[in-house]
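A short worksheet on the structure shown next.
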Amino acid sequence: MKIKYQKIYSLLKQIPNGKVTTYGSIARKLGINPRYVGKIPSENSHPDIYPCYRVVRSDGHLGGYTIGLKNDVSTLEIKKEKLIQDGVLVIGLRVHKSDIVELA
DNA sequence: CCGTTGACCAGGC
DNA sequence: GGCCTGGCCAACG
């Protein structure tokens, strides 16, 4: 495995239902920079195959959600809805602090 | 090899 | 909460 795509996917799967994690958490686990974590799904444009929507920023902001199209507010709305359906409390473009779980 | 870019982070204001 | 700055690692041309 050349790149670390697969590792990010693995970490994504271990996010508990109804919870979210942060890019920084994933990045520190892999020893890479957080900026690169978000780059993977943005290029691949995963619609709803894997829970990329369960990843938010460290301050609770949703961050971004690129699904082939541009990273728009409408895409963030989709991400927000998915989180809510998972039982995550989302206020505006932010998730409740206690719903963010650090990966062990 | 170098510069640019990226769904970021921590710290200040 | 919002905006700015410096820093971080990896991929790409």
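Numbers restart at 1 for each chain; the letters A, B, ... are given by sequence-line order, proteins then strands.
Across A:Val101, A:Asn17, A:Asp99, A:Val95, a single residue satisfies side chain to side chain contact (heavy atoms under 4.5 Å, CB included) together with A:Arg54, and that is A:Asn17. Only one option out of A:Val88, A:Thr21, A:Val20 pairs with A:Ile100 in a side chain to side chain contact (heavy atoms under 4.5 Å, CB included); it is A:Val20.
Of the candidates B:dC9, C:dA11, C:dC8, C:dC8 carries the atom nearest the A:Asn33 side chain, counting heavy atoms from C-beta on. The listed nucleotides are B:dC8, B:dA7, B:dG6; the one nearest the side chain of A:Arg57 is B:dC8. The side chain of A:Tyr36 approaches C:dA11 more closely than any other nucleotide in the set B:dA7, B:dC9, C:dA11. Closest approach to the A:Lys39 side chain among C:dG2, B:dC9, C:dA11 is made by C:dA11 (side chain taken as heavy atoms from C-beta onward). With distances taken from any side-chain atom of A:Lys79 to the nucleotides B:dC8, B:dA7, B:dC9, the minimum falls on B:dA7.
A straight line from CG of A:Leu93 to P of C:dG1 spans 11 Å, rounded to a whole angstrom. We find that CZ of A:Arg28 is positioned 10 Å from C1' of B:dC8, with the value rounded to whole Å. A straight line from CG of A:Leu62 to C1' of C:dG1 spans 15 Å, rounded to a whole angstrom. The CG-C1' distance, from A:Leu30 to B:dG6, rounds to 16 Å in whole Å. For the pair A:Ile26 CD1 and C:dA10 C1', the interatomic distance rounds to 16 Å; values are reported in whole Å. The separation between A:Leu83 atom CG and B:dA7 atom C1' is 13 Å, rounded to whole Å. Distance NZ (A:Lys7) to P (C:dA11): 12 Å, rounded to an integer number of Å. As rounded to whole Å, 12 Å separates atom C1' of B:dA7 from atom CD1 of A:Ile67.
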- Task: Begin with the C-alpha distance, continue with both residues' side-chain angles, and end with the deciding distance and a verdict on side-chain contact (heavy atoms from CB on, under 4.5 Å) for A:Lys19 and A:Asp86.
- Result: CA-CA 8 Å; A:Lys19 297 287 181 181; A:Asp86 264 16; over 6 Å; no
- Item | Verdict with reasoning, A:Tyr65 to A:Lys82, per side-chain contact (heavy atoms from CB on, under 4.5 Å) | CA-CA 11 Å; A:Tyr65 190 56; A:Lys82 287 179 173 298; 3.7 Å; yes
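To the nearest 0.5 Å, the span separating CD1 on A:Ile26 from NZ on A:Lys7 amounts to 13.5 Å. With rounding to the nearest 0.5 angstrom, the CD1 atom of A:Ile8 is 11.5 Å from the NZ atom of A:Lys39. Taking CG from A:Leu30 and OG from A:Ser25, the interatomic distance works out to 9.5 Å, rounded to the nearest 0.5 Å. Distance CG/A:Leu83 to CD1/A:Ile78: 12.0 Å, rounded to 0.5 Å. Taking NZ from A:Lys97 and OG from A:Ser58, the interatomic distance works out to 12.0 Å, rounded to the nearest 0.5 Å. Distance check: A:His96 NE2 to A:Ile91 CD1 gives 6.0 Å after rounding to the nearest 0.5 Å.
Following chains of ILVMFWY side-chain contacts shorter than 4.5 Å, one cannot reach A:Val56 starting from A:Leu89, and the two form parts of different hydrophobic clusters.
Taking 4.0 angstrom as the limit, A:Arg35 places none of its side-chain polar atoms (N or O) nearer than this to OP1 or OP2 of C:dA10. When the side-chain nitrogen and oxygen atoms of A:Thr66 are compared with OP1 and OP2 of B:dA7, none of them lie within a distance under 4.0 Å.
Under a cutoff of 6.0 Å and an axis angle of 45°, A:Lys79 and A:Tyr53 do not form a cation-pi pair.
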- Task: Using Watson-Crick or G-U wobble pairs with both distances under 3.5 Å, give me DNA chain C in dot-bracket, 5' to 3', with [ ] for crossers and | for pairs to another strand.
- Result: .||||||.|||||
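Looking at residues 18-25 of chain A, you'll see A:Tyr23, A:Gly24 sit with a heavy atom under 4.0 Å from some atom of DNA chain B. Within residues 95-104 of chain A, no residue is approached by DNA chain B to less than 4.0 Å at the level of any non-hydrogen atom.
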